[in-house]
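See below for the structure under consideration.
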Amino acid sequence: MTAKDTRWLELRHKTWYAVLEVPRPLRSAMGKKRLKQSLKTHSLPVAQARRHAVLADFQKQIAAASGGHASNDLIQEGLAYRDQFDRIRRGDSALITQLSANGSPWEYNNPFDQTPPQQAAIEWVDLRLHDRVDAMRTAGQHDEAGILASVAQGKATPLDTYMEAWLAEGGARGPVTARTAIKYRAIFDDLTEWLARERLPCLLEAVTKDIVGRWVTSLLSSGVHSRTINAKVSAMSSYWRWLMKRTSIRQNPWANQAIAQYQKPGVEKPKRAYTAAELTTLLNGKPSPELHDAIRIAALSGMRLDEIYRLK
């Protein structure tokens with residue numbers, strides 16, 4: 001974390017506040033879009049240190065509003081713990097001094113405690129995480145506790161961790177265009193919101209073949225056209241292929257998930273070329289920029305719409 005790290009922080013009238021977005025499905029129940037609490041300090045380093053306890057309290061409020069089910073903002077709490085572990089391992093002297101001031105938490109009254117400050121700081125964060133996870137399990141929130149612990153310890157990865165790196169690298173033709181990136185992010189947001197509605201964590205490890213199948217089925221039952229579904233599946237499959245190349249992910253749950261294309265029975269009309277008048281009308285229209293490009297690619301190549309959207 002850098003000195004300018006302001007994640008989950010907001011400066012108002014020279015005072016720092018901790019802020020956390022409320023998941024969309026819970027906003028009506030909680031009556032607000034975000035949670036906010038003053039950290040009662042003008043100092044950014046102090047605010048960075050204080051925000052984690054407030055974030056934990058925010059998460060309790062969200063969990064209560066969701067009826068005790070896992071919320072994806074629990075992932076943010078786990079990331080906050082992971083951030084502290086990472087900062088300590090990188091030698092963040094301010095955080096190490098703050099956390100190790102009382103020595104090791106396992107040697108409360110030992111005057112001969114010689115635990116190195118960096119180790120003492122890690123033990124303090126680990127103790128807080130252990131207490132939080134233990135309290136959740138005592139309250140019967142076993143799945144939620146597992147998610148928090150896995151994210152905090154780096155054993156589970158938020159869904160969007162590598163999204164921007166994937167878009168920046170692109171494929172054989174280089175980085176994706178700005179227009180394509182917008183389309184891919186929209187597909188990603190659709191998947192994220194569906195996972196939240198289904199009370200599923202937005203973790204890479206949570207997106208299995210069964211989960212992908214459920215999402216595809218839900219899109220079909222909602223009346224989404226099969227070609228649109230296949231475009232979404234193709235985009236996410238590209239992301240997972242990149243993950244398999246660049247990370248420890250070993251399987252692509254999106255493989256073979258496309259909807260089969262079929263023709264309705266009946267007599268197929270013979271194909272013919274456009275007339276000059278038809279072509280003029282087609283090319284002189286004023287469609288959206290995306291449709292503008294698709295029309296010209298289709299006219300020049302004869303490709304189907306789903307084939308155009310699979311181009312790389």
Side-chain angles (χ1 to χ4, degrees), residues 7 70 72-76 78-79 81-83 85-86 89-90 143 146-220 224-261 303-312:
R7 289 175 295 173
N72 283 316
D73 281 307
L74 194 63
I75 294 173
Q76 299 302 320
L79 289 174
Y81 280 107
R82 187 192 297 190
D83 177 63
F85 282 125
D86 290 343
R89 294 187 181 104
R90 290 196 303 267
D143 291 340
I147 291 171
L148 175 60
S150 296
V151 174
Q153 295 165 357
K155 297 177 181 179
T157 309
L159 201 60
D160 62 350
T161 299
Y162 303 103
M163 187 75 173
E164 295 306 318
W166 167 58
L167 293 175
E169 181 175 338
R173 299 183 181 181
V176 300
T177 65
R179 186 181 305 165
T180 302
I182 290 173
K183 183 180 72 174
Y184 284 174
R185 289 191 184 99
I187 294 171
F188 184 85
D189 289 344
D190 287 345
L191 174 61
T192 301
E193 291 182 7
W194 179 83
L195 289 170
R197 288 196 303 272
E198 295 294 311
R199 311 284 187 170
L200 296 169
C202 290
L203 299 171
L204 290 174
E205 295 79 4
V207 182
T208 62
K209 198 172 187 69
D210 288 344
I211 296 302
V212 173
R214 284 173 55 185
W215 186 51
V216 170
T217 300
S218 72
L219 291 173
L220 268 176
V224 179
H225 196 282
S226 60
R227 289 173 181 164
T228 302
I229 295 174
N230 286 347
K232 293 176 183 287
V233 170
S234 177
M236 289 295 94
S237 184
S238 296
Y239 181 37
W240 251 257
R241 287 197 299 272
W242 184 91
L243 290 170
M244 292 173 65
K245 182 169 63 173
R246 295 284 180 251
T247 74
S248 59
I249 298 294
R250 290 291 175 262
Q251 293 183 331
N252 182 0
W254 301 88
N256 301 317
Q257 293 278 16
I259 303 297
Q261 301 295 305
M303 298 173 68
R304 300 176 188 276
L305 191 59
D306 61 322
E307 294 172 332
I308 293 174
Y309 274 92
R310 291 188 189 189
L311 284 174
K312 298 179 182 177

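Listed for the Thr217 side chain is a donor-acceptor partner under 3.5 Å among the backbone atoms of Gly213.
Atom CD1 of Ile259 and atom CZ of Arg227 lie 13.5 Å apart (nearest 0.5 Å). Summarising the geometry, atom CD belonging to Gln251 is positioned 10.0 Å from atom OG1 belonging to Thr208; distances are rounded to the nearest 0.5 Å. Remark: Leu220 CG to His225 NE2 distance equals 10.5 Å, nearest 0.5 Å. Atoms CD1 and CD1, from Ile187 and Ile182 in turn, are 12.5 Å apart once rounded to the nearest 0.5 Å. Taking CE of Met236 as the start and CG of Leu243 as the end, the distance is 9.5 Å to the nearest 0.5 Å. Put simply, CG on Leu148 and OH on Tyr81 are 6.5 Å apart, with the number rounded to the nearest 0.5 Å.
By the 30° and 60° cut-offs, the orientation of the rings of Trp254 relative to Trp215 is perpendicular.
Qualifying ring-ring contact (aromatic ring centres under 6.0 Å, His included) partners for Phe188, counting only residues two or more places apart in sequence or in other chains: none.
Taking every heavy atom of both residues into account, Lys209 and Pro253 meet most closely at N-CB, 3.6 Å. Between Phe85 and Ala152, the shortest heavy-atom contact is CD1-O, 3.8 Å.
The side chain to side chain donor-acceptor pair (under 3.5 Å) pairs that include a residue from residues 181-191 are Glu164-Arg185, Asp190-Lys232, where partners are two or more places apart or lie in different chains.
Ser237 and Arg241 share a side-chain donor-acceptor pair at under 3.5 Å.
For the pair Arg246 and Tyr162, the minimum side-chain heavy-atom distance is 4.5 Å or more. Leu195 has its side chain within reach of Ile211: a pair of non-hydrogen atoms, C-beta onward, lies under 4.5 Å apart.
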